[in-house]
Amino acid sequence: MCGIVGFTGHGPCTDILIESLKRLEYRGYDSAGIAVFENGSIRTAKAKGKINEGLVPLVNRGADNHFSTDFSHQTCGIGHTRWATHGEPSDINSHPIGNGRVCIVHNGIIENYREIKEFLLNAGYSFESETDTETVVKLLDYYYDGDPVEAIIKVCAEIKGAYALGILFRGFSDTIYAVKKESPLIVGKGQDGNFIASDVAAIMEYTKDYYLLEADEIAVIHPDSIAFLDKHRRPIDKELRTVDWDISAAKKGGYEHFMLKEIHEQPSVLASSMSVRIKDGLPDFSDFGLTRERINSYSRFFIVGCGSAMHAGIVGKSLLESLARVPVTVDIASEWRYADPLIDEHDLCIVISQSGETADTLAALKLAKECGADTLAVVNVVGSTIARAADMVLYMSAGPEISVCSTKAYAVQVEMMYLIAFAVTLSKGKITEEKCREYIKELQKLPELVEKLLEDKTDYQFAASNLMNAESLLYIGRGLDYALSMEGSLKLKEISYIHSESYAAGELKHGTISLITEDTPVIAVATQTALIDKTVSNIKEVKARGAKVLLITREKQIIDEKAYDIRVNLPDAEDIFMPIITCVPLQLIAYYTAVLRGTDVDMPRNLAKSVTVE
Ligand code: F6R
């Protein structure tokens, strides 16, 4: 949550800061701001709302405190896009926050800000905002006597929590200082200047070369040089990395929304993500040490994640239990981390996270490690905090996912669950290599089936036109279809703002069915052969009470036409492979419903892509 950027170079920085911030807006969009040096003074422009709505008009007309509209002398600055934690979204609570001597942008949470504030109040400081960040500014100011690094070291020794900070000090008008703990921060090395950013996609327009800042490391960034120091001021040598994907991956490429683009990328990413994990027709995780012997040493499996990642975990549990016959616990990270879980050194904890930064998932991973368990992170963002903290990392290779609403990352997370489940099933001797190869071949057919689903979208658009005026609706399913119902329901409510719940179809009559009145939409997912008849009975129960049923099922399935109002057909695959097929119509129905309702599809209200607070 929150995105930070910075640039110091030989040319103007203001446009660079704003353009880079736009690429980080998925991390939060409650407010945005920049601070730049102008003739040695720090000038800020910041405003509530999205970048184009608040910050850009403000910068163009010159912000109140003499922010010049001639950007040519502004060559060093920092920027921030906010997801509010402490203090409501407002101009005053926006970052950068400064006092003329020191100015900072912050991603994270300062847990002991109350004590620090108390101390600073006693020292004569006053506060304007409700943010935790302002305490860091004032503490830096308190310790700053002309040596920025010394002040940073002293402040970092006192503050507790998660942070990535970009800092400007008056008197050092071509220099950005940066430091981090927990929250991500990269330092970009460019031709005409250097950068900081919360992620590399923000600055890819300008450079592909970057350093990963680690906890307690300080970066001192000049236009032509970058120095890294540890907390004892000792210089650190760091590896220069290069991004291996193209900037086009982070652009809309002709689609109206990133979400639609990312839905369309699914056939190609599903194919490419699995291809690097299959050797000789079998899943292969040897590059990160998940060998058959290691798999066989585990007696239990835990899968932990948040939101869609956790939904992918539910599919994983079902696959692992039904194929490998191993006990699997799947849980929401924010619950599991406080539930005193029964996990020990004989177990494997799989954490799933697209961003690799989700605070609760990271905490769950750390807890599993403390309990002695082995940890495997299924992560998309290379070098992310979770990836670095885990014993083993299975990179999803799904490319950047910009839309806040997860689509391709979810599909690839589910795909990774298949590969893990097949590997475990094979290692535990529950299938032969030949059978495993057959499964892999079936998996390899899925990208083509998904491609087919994307050819004609009229059914999804029609379904959306029937849902757009609903106030509340239900998704139902059984078994794997229930797992998909959860994901479909989350997608819809997240971007269309229609209240929606998912329910196990058989559980409805134990209470929830009372919500059904004339024309309540019920979206029923029925793809699992052994359960279809049971689900159809449940559909009839809601239909008899006036519900308007949208049925998502296999094309070949014969179902009494009276049982539903609208039907969306899916191509045929073996039962266990239906989740990857089913998720696509669910994504598109949510997408078109949101478009019809005119919501901000890629940046739904109150949300952020990377949830770095618990
Ligand atoms: C829903 C969605 C979220 C994320 C969740 C976990 O569309 O995107 O539910 O799945 O916030 O995020 P990661 O995978 O980054 O840990």
Side-chain angles (χ1 to χ4, degrees), residues 1 3 26-28 83 182-184 198-199 201 257-260 262-263 266 303-316 330-337 350-366 377-390 393-396 398-417 475 483-497 500 502 583-584 586-591 593-594 599-614:
M1 331 212 107
Y26 71 88
R27 299 178 72 91
W83 189 84
E182 305 279 359
S183 306
S198 294
D199 77 31
H257 297 103
F258 278 111
M259 181 174 174
L260 191 59
E262 287 157 7
I263 290 172
Q266 289 178 120
I303 307 180
V304 190
C306 300
S308 294
M310 196 280 290
H311 293 163
I314 297 176
V315 176
V330 61
D331 210 342
I332 299 165
S334 56
E335 287 295 309
W336 192 77
R337 62 180 290 196
I350 302 169
V351 298
I352 308 176
S353 176
Q354 186 285 130
S355 62
E357 301 296 343
T358 304
D360 285 315
T361 310
L362 176 63
L365 170 82
K366 288 181 176 167
V378 179
V379 165
N380 196 31
V381 178
V382 175
S384 54
T385 312
I386 290 175
R388 282 179 289 143
V393 188
L394 170 52
Y395 279 119
M396 293 158 48
E401 189 177 66
I402 308 292
S403 179
V404 166
C405 182
S406 184
T407 53
K408 65 171 177 172
Y410 168 79
V412 175
Q413 283 162 351
V414 171
E415 180 183 57
M416 295 298 126
M417 293 297 108
Y475 281 74
L484 270 289
S485 298
M486 291 183 199
E487 178 60 5
S489 173
L490 178 62
K491 299 294 91 149
L492 187 92
K493 70 179 129 190
E494 178 177 1
I495 58 171
S496 75
Y497 313 149
S500 154
S502 63
C583 76
V584 180
L586 291 170
Q587 295 164 350
L588 284 164
I589 289 167
Y591 173 76
T593 308
T599 59
D600 191 340
V601 172
D602 283 332
M603 290 189 271
R605 68 183 176 212
N606 306 337
L607 288 168
K609 184 85 184 150
S610 177
V611 185
T612 51
V613 293
E614 71 170 286

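Whatever order the structure lists them in is the order used to number ligands and atoms, beginning at 1. Values reported hereafter were calculated over all heavy atoms of this structure, with side chains retained and with hydrogens, waters and symmetry mates removed.
Looking only at protein heavy atoms, the nearest one to atom 15 (O) of ligand 1 is S355 OG, 2.6 Å. Summary of contacts: the protein heavy atom closest to atom 14 (O) of ligand 1 is Q354 N, 2.6 Å. The nearest protein atom to atom 11 (O) of ligand 1, hydrogens excluded, is given as V611 CG2, 4.2 Å; this is a heavy-atom distance. The protein atom (non-hydrogen) at minimum distance from atom 6 (C) of ligand 1 is C306 O, 3.3 Å.
Atoms of ligand 1 lying under 4.0 Å from at least one heavy atom of A309, given by number and element, are 10 (O), 14 (O). For ligand 1, the atoms closer than 4.0 angstrom to any heavy atom of G307 are 9 (O). Near K491, the atoms of ligand 1 lying under 4.0 angstrom from a non-hydrogen atom of the residue are 1 (C), 7 (O). Proximity to S353 (heavy-atom distance under 4.0 Å) selects the following atoms of ligand 1: 13 (P), 14 (O), 15 (O), 16 (O).
Considering backbone and side-chain atoms alike, T361 places every N or O at 3.5 Å or more from each N or O of ligand 1. The N/O atoms of K609, backbone and side chain alike, include none that comes under 3.5 Å of an N/O atom in ligand 1.
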*asked:* Would K491 and T407 count as a side-chain hydrogen bond (donor to acceptor under 3.5 Å, both in side chains) here? Give the steps.
replied: CA-CA 9 Å; K491 299 294 91 149; T407 53; over 6 Å; no

*asked:* S500 vs S489, test: side-chain hydrogen bond (donor to acceptor under 3.5 Å, both in side chains). Steps then yes/no.
replied: CA-CA 6 Å; S500 154; S489 173; 2.6 Å; yes

_side chain to side chain contact (heavy atoms under 4.5 Å, CB included) evaluation trace for Y395 with N380_ = CA-CA 5 Å; Y395 279 119; N380 196 31; over 6 Å; no

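Using a 3.5 Å distance cut-off with no hydrogens or angles, the side chains of T385 and E182 do not pair a donor with an acceptor. Using a 3.5 Å distance cut-off with no hydrogens or angles, the side chains of E401 and S406 do pair a donor with an acceptor. Checked by atom type, the side-chain pair Q266/Q587 shows a donor-acceptor distance below 3.5 Å.
Side chain of D602 to main chain of F258: a donor-acceptor pair is present (N/O by atom type, distance under 3.5 Å, no hydrogens or angles). A donor-acceptor pair is defined here as one N or O able to donate and one able to accept, closer than 3.5 Å; such a pair exists between the side chain of R388 and the backbone of G383.
Under a 4.0 Å N-O distance rule, the pair R337/D360 qualifies as a salt bridge.
Considering each of I352, T358, D360, N380, the one bringing a non-hydrogen atom nearest atom 16 (O) of ligand 1 is T358. Evaluated by nearest non-hydrogen atom to atom 4 (C) of ligand 1, the leading choice among S308, C405, A312 is S308.
Residue contact annotation: V404 has a non-hydrogen atom under 4.0 Å from ligand 1. For the ligand labelled ligand 1, residue M310 lies outside the 4.0 Å heavy-atom shell.
Taking all atoms of both residues into account, the shortest heavy-atom contact from L484 to L586 is O-CD1, 3.4 Å.
Counting heavy atoms under 4.0 Å from ligand 1, residue E494 touches it through the side chain alone.
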